[in-house]
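Input: a single structure, listed below in structure tokens.
Bear in mind that the values here come from a model prediction, so they are computed numbers and not experimental data.
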Amino acid sequence: MPINLQDVQKANQVVDKFIKKTETEFSQSCSKLVGTNIFLKFENLQMTGSFKIRGATNKIYHLSPEEKKCGVVASSAGNHAQGVALAAARQGVNAKIVMPVKAPLVKTMATRGYGAEVVLHGNFYDEAYERALEIEKNEKRVFVHPYDDPLVIAGQGTIALEILKTVPDIDSVVVPIGGGGLISGIATVMKELRPQCRIFGVQSEGAKSMEESFRQKKLVQLNQFTSTIADGIAVKKVSANMLNHYILKLVDDVVTVSEDEIAESIVFLMERAKTIVEGSGAVGLAAAQKLQGRLGKKCCVILSGGNIDSNIVAKVIERGLKKKGRLTHIQVAVEDAPGMLSQLTKAIAEQHANIIQVIHDRTTDGLYLGETAIEFILETSNFEQIELLKKSFSKIGRVL
């Protein structure tokens with residue numbers, strides 16, 4: 001049976017003792033970007049760096065003494081792993097977590113740091129899930145599902161109670177979807193306490209199993225599954241229970257966003273909202289921009305997680321800046337003679353761009369004898385400035 005409002009209210013009494021009540025704050029910069037009043041729910045600042053500790057805490061709390069003695073097992077791309085690890089440790093329960101081999105290092109290290117044993121298995125969540133079920137059977141542990149469990153869903157739904165306490169007249173909520181536990185819990189509360197509130201789900205274009213299933217109103221399993229920086233919501237196979245009992249009944253629409261749009265949102269939130277989010281935490285803002293005109297006067301965007309690997313932050317920033325025309329690579333073939341670099345840098349200074357890196361290459365294909373290629377990585381203001389730079393360079397050499 002699907003959960004109801006009372007289940008979430010009971011869960012709130014439990015998790016209130018263990019979690020942080022994160023802020024729901026109005027964002028002027030995001031409001032200007034989207035075109036309506038945007039409130040950000042900072043679950044990226046939650047304990048363990050994501051909302052997952054809410055559901056995990058509620059589930060483990062309700063285990064019998066015998067079940068707690070046997071321990072728990074879970075499968076996760078990272079955030080559920082940390083939530084289960086900390087929730088179990090705080091309640092004196094042994095935890096074993098199966099994570100994909102490609103799970104971000106920051107998440108595997110943090111999971112171990114919270115006291116859980118980590119088992120790396122498979123390339124995607126679904127493969128880790130199958131291994132966790134084997135451990136459940138062989139070791140008699142209790143499996144803590146990341147989303148398809150009423151106690152977990154109820155725990156995640158406590159976010160909606162906090163949103164309504166701050167913004168009781170909210171018109172819409174944009175929620176990342178992986179397996180669907182977060183959006184199901186939030187939608188359950190909203191549709192009972194504020195039925196006019198619209199619930200929008202968002203997935204990455206590279207992992208849109210729930211979006212396809214929502215459109216076709218039946219289970220759809222992806223034949224192709226591409227890598228995505230929103231790894232926290234990358235799920236191949238949709239749960240029939242989540243789709244039929246929650247998503248199709250409670251969610252108003254599901255949209256997808258591209259990798260570039262996710263990267264751009266990460267950068268925007270970093271620069272303007274002064275907060276760090278992972279890919280799955282940024283998809284809501286990316287989607288809100290696509291949903292302009294459908295969000296009402298007040299919209300809450302869930303920043304679901306902030307556990308981004310420091311090794312990919314630079315790549316994400318670079319991708320986001322390129323998408324906005326604030327970073328560019330330009331290669332110019334010029335005469336291999338004294339003074340050519342000076343002419344190019346003078347042109348850059350005249351356009352008020354900033355040089356990040358300069359690379360000389362005399363072996364690039366397509367160069368004439370006596371030419372050298374100079375590549376600039378430049379910090380720019382917009383795409384118009386980039387075009388002006390290329391025009392200036394073309395007067396000195398050949399833009400490659």
Side-chain angles (χ1 to χ4, degrees), residues 27-36 38 40 44 104 174 176-177 200-208 211 226-234 254-295 299 301-332 348 351-357 359 375-391 393 399-400:
S27 172
Q28 184 172 348
S29 57
C30 291
S31 298
K32 185 176 180 180
L33 177 71
V34 175
T36 194
I38 296 294
L40 300 177
N44 60 316
V174 185
I177 296 183
F200 296 100
V202 52
Q203 290 199 301
S204 163
E205 287 179 355
K208 55 180 181 177
E211 190 267 349
T226 59
S227 178
T228 172
I229 56 174
D231 60 283
I233 54 173
V254 180
V255 299
T256 62
V257 291
S258 69
E259 295 296 289
D260 283 338
E261 289 166 337
I262 298 170
E264 188 175 351
S265 293
I266 292 174
V267 174
F268 185 89
L269 288 165
M270 191 181 303
E271 289 187 333
R272 305 301 297 277
K274 312 305 179 185
T275 193
I276 304 296
V277 295
E278 60 190 272
S280 57
V283 296
L285 181 60
Q289 296 173 67
K290 289 188 169 184
L291 292 165
Q292 290 184 16
R294 303 176 62 189
L295 300 174
C299 170
V301 172
I302 310 295
L303 305 182
S304 58
N307 294 314
I308 188 168
D309 194 324
S310 58
N311 290 327
I312 68 169
V313 169
K315 295 179 183 178
V316 169
I317 292 175
E318 181 176 347
R319 189 167 185 163
L321 292 175
K322 281 185 176 180
K323 184 74 165 48
K324 297 168 69 175
R326 292 182 51 200
L327 189 73
T328 188
H329 292 232
I330 304 178
Q331 190 175 41
V332 190
I348 293 169
Q351 294 297 334
H352 304 290
N354 185 42
I355 299 173
I356 304 297
Q357 189 173 356
I359 304 168
E375 180 180 0
F376 292 98
I377 300 176
L378 303 171
E379 184 180 12
T380 51
S381 301
N382 48 47
F383 289 110
E384 182 180 0
Q385 186 184 41
I386 293 172
E387 290 305 311
L388 290 173
L389 282 164
K390 289 180 178 179
K391 287 182 179 179
F393 286 170
V399 177
L400 300 176

Backbone of [Y] reached by a side-chain donor or acceptor of [X] within 3.5 Å:
X	Y	result
Glu278	Asn307	yes
Ser304	Ser280	yes
Thr275	Leu269	no
Gln385	Gln351	yes
Gln203	Glu211	yes

From [X] atom [atom1] to [Y] atom [atom2], the distance as rounded to the nearest 0.5 Å:
X	Y	atom1	atom2	result
Leu378	Ile356	CG	CD1	8.0 Å
Ile276	Leu303	CD1	CG	11.5 Å
Ile355	Ile348	CD1	CD1	4.0 Å
Lys290	Ser258	NZ	OG	6.0 Å
Ser29	Ile38	OG	CD1	10.5 Å
Glu379	Leu327	CD	CG	7.5 Å

Qualifying salt bridge (Lys or Arg N to Asp or Glu O under 4.0 Å) pairs, either residue in residues 309-320, two or more places apart: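 For residues 309-320: Asp260-Arg319, Glu318-Lys322.
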
Taking all non-hydrogen atoms of both residues, which atom of [X] and which atom of [Y] are closest, and how far apart?
X	Y	value
Val257	Ala287	CG1-N, 3.6 Å
Lys324	Phe268	NZ-CD1, 4.3 Å
Val202	Val254	N-CG1, 4.5 Å
Ile262	Ala230	CD1-CB, 4.1 Å
Ala282	Ile266	CB-CG1, 3.5 Å
Gly325	Thr380	O-OG1, 2.7 Å

Before you tell me yes or no, could you show the steps for Val255 and Val174 under side chain to side chain contact (heavy atoms under 4.5 Å, CB included), namely the whole-Å CA-CA distance, both residues' side-chain angles and the distance that decides it to 0.1 Å? CA-CA 10 Å; Val255 299; Val174 185; over 6 Å; no

Count the heavy atoms of every other residue, nucleotide or ligand shown that sit under 6.0 Å from CD of Gln28, and state whether that count exceeds 12.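 Atom CD in Gln28 is not packed in, count stays at 12 or less.
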
Test of understanding: with side-chain contact (heavy atoms from CB on, under 4.5 Å), list the residues that count as partners of Lys32, not counting sequence neighbours. none

Testing the 3.5 Å rule here: is there a donor-acceptor pair between the side chains of Gln292 and Thr36? no

For Phe393, all residues meeting ring-ring contact (aromatic ring centres under 6.0 Å, His included), sequence neighbours excluded: Phe376

Applying side chain to side chain contact (heavy atoms under 4.5 Å, CB included), run through Ile317 and Met270 and close with a yes or a no. CA-CA 9 Å; Ile317 292 175; Met270 191 181 303; 3.9 Å; yes

Glu264, Glu259, Glu261 screened by salt bridge (Lys or Arg N to Asp or Glu O under 4.0 Å) with Lys323, the one that passes: Glu264

Kindly indicate whether the side chain of [X], heavy atoms from C-beta on, has any atom under 4.5 Å from the side chain of [Y].
X	Y	answer
Val34	Leu285	yes
Val301	Cys30	no
Pro176	Ile302	yes

